[in-house]
Amino acid sequence: MRRIYPVNLFFLRALYDKLPHLELLTGQIMPNFKIVTRFAPSPTGFLHIGGARTALFSYYFARRHGGAFRLRVEDTDKKRSTAEATQAILDGMDWLGIQHDGDVVYQSQNADHHRAAAQAMIESGHAYKCYLTPEEIAAERQKSHDEGRAFRSSWRDGGISPKDAPFVVRFKVPEGQTIIHDEVMGEVKWSNKDFDDLILLRADGSPVYMLAVVVDDHDMGVTHVIRGDDHLINAGRQKLIYQALGWDIPVFAHVPLIFGPDGKKLSKRHGALSIDAYADMGYIPAGLRNYLTRLGWSHGDMEIFGDSEVTSIFELGDINKAPARLDFDKMAFINGEHMVRSAYHTLLSYAQRFFENKNNGPMNCAQMDRLIAALPHITSRANTLIELADQAFFVTRERPIEITGKAKKSLKPDAEVRLRDLHFILSGVKQDAWLDQNILEHLQAYITKEDIGFGKIGAPLRACLTGGAPSPDLSLVLELLGQEEALGRIEDCLNTYF
RNA sequence: GGCCCUAUCGUCUAGCCUGGCCCAGGACACCGCCCUCUCAAGGCGGAGACACGGGUUCAAAUCCCGUUAGGGCUACCA
């Protein structure tokens, strides 16, 4: 099994800080990595659940091969990019537990290089200046649409350039056809006739995405481009640009989009789009990583797994070609499996805010002690942190406890004598014998002596101990509550309801 | 309109490349039983799918063609 971090990465990281930023983009920084992947979100919002999965795939693939996983912010569209969005994405990745290698690369900072590439293509005849006015473009676009063909500018074969007129730089799509061998989709073929003469540089000289990705991926030494399949056609366009520039073409892997539970494209309508929405629903990072990875990727019958397992087997070819739907039931189940497997302080740190929320505020020491004791016993009863807080409620709620619903119905008149007897018996148990098994023996001795079923004492006792909140075995409830608290709750009940 | 991608239980999927081991396996959810002091958990069992139509073949979920249905792209967005 591979190490998550090659040792020399730490050395390289120290090196980064000392280098000017642009050097980072030369791709020579990570010479030891045969495999380099990247996640390249545009900072226009939060970290999307689909983006998170793509990032996860890129991350695992890089780790699998001892490669580097890089993060690049695609902020060439300044109007739509915000610093808050960038931070939200960084925070989302951090929470999910995906660590990128090296510094974050900002695409906008490499604009000079993008322009240089465009210039090189003009010089080599692979790109041209286009002086079409917006009206002329609209007309030509309409015409090409009607004729069922791609956009072509009348300037692609040159002409006498108007003085001082604004122009854009367009890519001159060559004749022929373009084939890529996508790791997920397989062989995909286009006729170049179907590609527009796309814009490389805007009229203000700023680079457009299609150019910037190619240049940046090349500069960063990206070997495997893993992204959403909404980019599939872009792979064809970009291959042409790589060829025009005379650069090596990376391996492409286009992963299908995720759909909502209803099979429709994921949208605001589905509510949970951002990673923190899932955090708020009580999922833990390890669980979400497992679910997201398993959604659209499989390895035999493997369902529950952690990072190290995935890291040892992940291959792009095992990603499914068809889009997958989100299934919250399964997500919860997998999350539950990971909650049980979590180190207990890890679980506690994620669960803390849910406990406090349930408690309507911070907990005191007594509550905290009881909670910590109870945690190992209730975790298997919950699939999300919200459920965990519900399951823990019986132990943290404060006296006097309000008894509600079905629980209240069990407090029939004949229960009073049982509760008084039990209070007496339990009072006699020594502090250091206040343990699940021992308590159970006392309870059983009582029902044997009285010749009654456990139900006769179980229901009312549980009612005054928990108030009707979910709870485990009765004797365990007693142990977890502690003798003093348990007896107190029984007294409260006796005083209030009888 | 043009180009491209996809299609196995309700859902996620295995199998498809290299036809026969598949009257299709696993997981979630669902139903039943067991356990039982509540609710869970756990154990056991059940129902449930090759989108449709043509081919090719002794044999097709698997190969080919078409149909249908979803989806993507078609910006001086990414």
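Atoms considered below: every heavy atom in the structure, side chains included; atoms not considered: hydrogens, waters and symmetry mates. Each chain gets a letter, A, B and so on, in the order its sequence line appears, and its residues count up from 1.
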Do we count F333(A) as stacking onto C28(B) if the rule is ring centres under 5.5 Å and planes under 30°? no
Take atom CG of D390(A) and atom C1' of U38(B), then tell me their distance rounded to the nearest Å. 16 Å
Give G186(A) one of three labels, base, sugar-phosphate or nothing, depending on what nucleic acid heavy atoms sit under 4.0 Å from its own. nothing
Can you tell me the pairing partner of U36(B) across any strand shown, Watson-Crick or G-U wobble, with both distances under 3.5 angstrom? none
Base, sugar-phosphate, or nothing: which does L474(A) touch, judged by heavy atoms less than 4.0 Å apart? base
Figure out the CD1/C1' separation between I334(A) and A27(B), and round it to whole Å. 8 Å
For S410(A) against A415(A), the heavy-atom pair lying closest together: O-CB, 4.1 Å
Which whole number of Å gives the distance between the P atom of C23(B) and that of A59(B)? 16 Å
Which one is paired to G20(B), where only Watson-Crick or G-U wobble pairs with both distances under 3.5 angstrom count? C58(B)
Between G19(B) and A49(B), how far apart are the P atoms? Round to whole Å, please. 27 Å
To the nearest angstrom, how far is K321(A) atom NZ from G15(B) atom C1'? 15 Å
Quick check on side chain to side chain contact (heavy atoms under 4.5 Å, CB included): which of L487(A), I457(A), I490(A) does L422(A) satisfy it with? I457(A)
Between C77(B) (C1') and K79(A) (NZ): distance, integer Å: 9 Å
Over all strands shown, is A324(A) touching base, sugar-phosphate only, or nothing at heavy-atom distances under 4.0 angstrom? sugar-phosphate
Passes side-chain hydrogen bond (donor to acceptor under 3.5 Å, both in side chains), Y209(A) versus D77(A)? Steps please. CA-CA 8 Å; Y209(A) 163 81; D77(A) 184 359; over 6 Å; no
Does K330(A) get its side chain close enough to the base of A29(B), under 3.5 Å, for a donor-acceptor pair? no
Please tell me if R141(A) has a side-chain N or O lying less than 4.0 Å from either OP1 or OP2 of C76(B). yes
Which whole-number value in Å describes the distance from E147(A) CD to U74(B) P? 20 Å
When you check the phosphate oxygens OP1 and OP2 of A75(B), does a side-chain N or O of R202(A) lie under 4.0 Å from one of them? no
Whether S471(A) contacts U38(B) is assessed here as follows: a side-chain N or O lying under 4.0 Å from the phosphate OP1 or OP2. Is that the case? no
Could you check whether V208(A) gets within reach of a base, just the sugar-phosphate, or nothing at all, counting any heavy atom under 4.0 Å? sugar-phosphate
Taking only N and O in the side chain of T76(A), is any of them less than 4.0 Å away from OP1 or OP2 of C77(B)? no
Span that lies between the C1' atom of C63(B) and that of G1(B), in whole angstrom: 33 Å
Ranking G72(B), C12(B), G2(B) by distance to the side chain of D194(A), first place goes to G2(B)
Please determine, for the side chain of D196(A), which listed nucleotide (C37(B), C77(B), U74(B)) has the closest atom? U74(B)
Tell me which of V184(A) and F259(A) sits closer to the 5' end of RNA chain B, going by the nucleotide each one is nearest to. V184(A)
Partner residues of T466(A) under the side-chain hydrogen bond (donor to acceptor under 3.5 Å, both in side chains) criterion, sequence neighbours left out: none
P spacing across the pair G66(B) / G20(B), given as an integer number of angstrom: 25 Å
Which one, C37(B), A78(B), U11(B), comes nearest to the side chain of F454(A)? C37(B)
Under a 4.5 Å cut-off applied to non-hydrogen side-chain atoms, are F355(A) and L388(A) in contact? yes
Taking the same atom, P, in U57(B) and in C52(B), what whole-Å distance lies between them? 23 Å
Between C37(B), A7(B), C12(B), which nucleotide gets closest to the side-chain atoms of L295(A)? C12(B)
If pairing requires Watson-Crick or G-U wobble contacts with both distances under 3.5 Å, which nucleotide is the partner of A7(B)? U68(B)
Select base, sugar-phosphate, or nothing to describe what P472(A) touches, counting heavy atoms under 4.0 Å on all strands. base
Selection from G71(B), C4(B), G72(B) that lies nearest to any side-chain heavy atom of V188(A): C4(B)
Rounded to whole angstrom, note down the C1' distance from G25(B) over to G2(B). 42 Å
When we call it a touch if two heavy atoms are under 4.0 Å apart, what does R237(A) touch: a base, just sugar-phosphate, or nothing? sugar-phosphate
Expressed as a whole number of angstroms, how long is the span from I199(A):CD1 to A78(B):P? 11 Å
Which residue lies more 5' along RNA chain B, comparing M210(A) with Y291(A) via nearest heavy atoms: Y291(A)
Does G72(B) have H231(A) stacked on its base, where the ring centres are within less than 5.5 Å and the planes differ by under 30°? no
Polar side chain donor-acceptor pair, D216(A) to H113(A), under 3.5 angstrom: no
Pairing partner of G48(B) (Watson-Crick or G-U wobble, both distances under 3.5 Å): none
Please determine, for the side chain of D329(A), which listed nucleotide (A29(B), G72(B), A14(B)) has the closest atom? A29(B)
Check for me whether the distance between the ring centres of F57(A) and W297(A) falls short of 6.0 Å. no
How close do N320(A) and P256(A) get, counting heavy atoms only, and between which atoms? O-CG, 3.1 Å
Measuring to OP1 and OP2 of G72(B), would you say a side-chain N or O of K265(A) lies under 4.0 angstrom away? yes
If I pick the P atom on A29(B) and the same atom on C44(B), what distance separates them, to the nearest angstrom? 15 Å
In terms of side-chain heavy atoms of R325(A), which of C3(B), C77(B), C12(B) is nearest? C12(B)
Contact class for E303(A) (heavy atom, under 4.0 Å): base, sugar-phosphate, or nothing? base
Which base sits across from A75(B) as a Watson-Crick or G-U pair, both distances under 3.5 Å? none
One thing to verify: whether D197(A) and K172(A) come together as a salt bridge, which I'm taking to mean a side-chain N less than 4.0 angstrom from a carboxylate O. no
What is the distance, rounded to the nearest whole Å, between atom NE2 of H145(A) and atom C1' of C3(B)? 12 Å
Please name the residue in the list R170(A), R141(A), R149(A) that meets the salt bridge (charged side-chain N to carboxylate O under 4.0 Å, His left out) test with D196(A). R141(A)
Among the nucleotides U6(B), A78(B), U38(B), which one has an atom lying closest to any side-chain atom of R80(A)? A78(B)
Output yes when at least one side-chain N/O atom of N320(A) is less than 4.0 Å from OP1 or OP2 of A14(B), else no. yes
Provide, to the nearest angstrom, the distance between the NZ atom belonging to K189(A) and the C1' atom belonging to C4(B). 13 Å
What distance, rounded to whole Å, do you find between the two P atoms, one in C30(B) and one in G10(B)? 16 Å
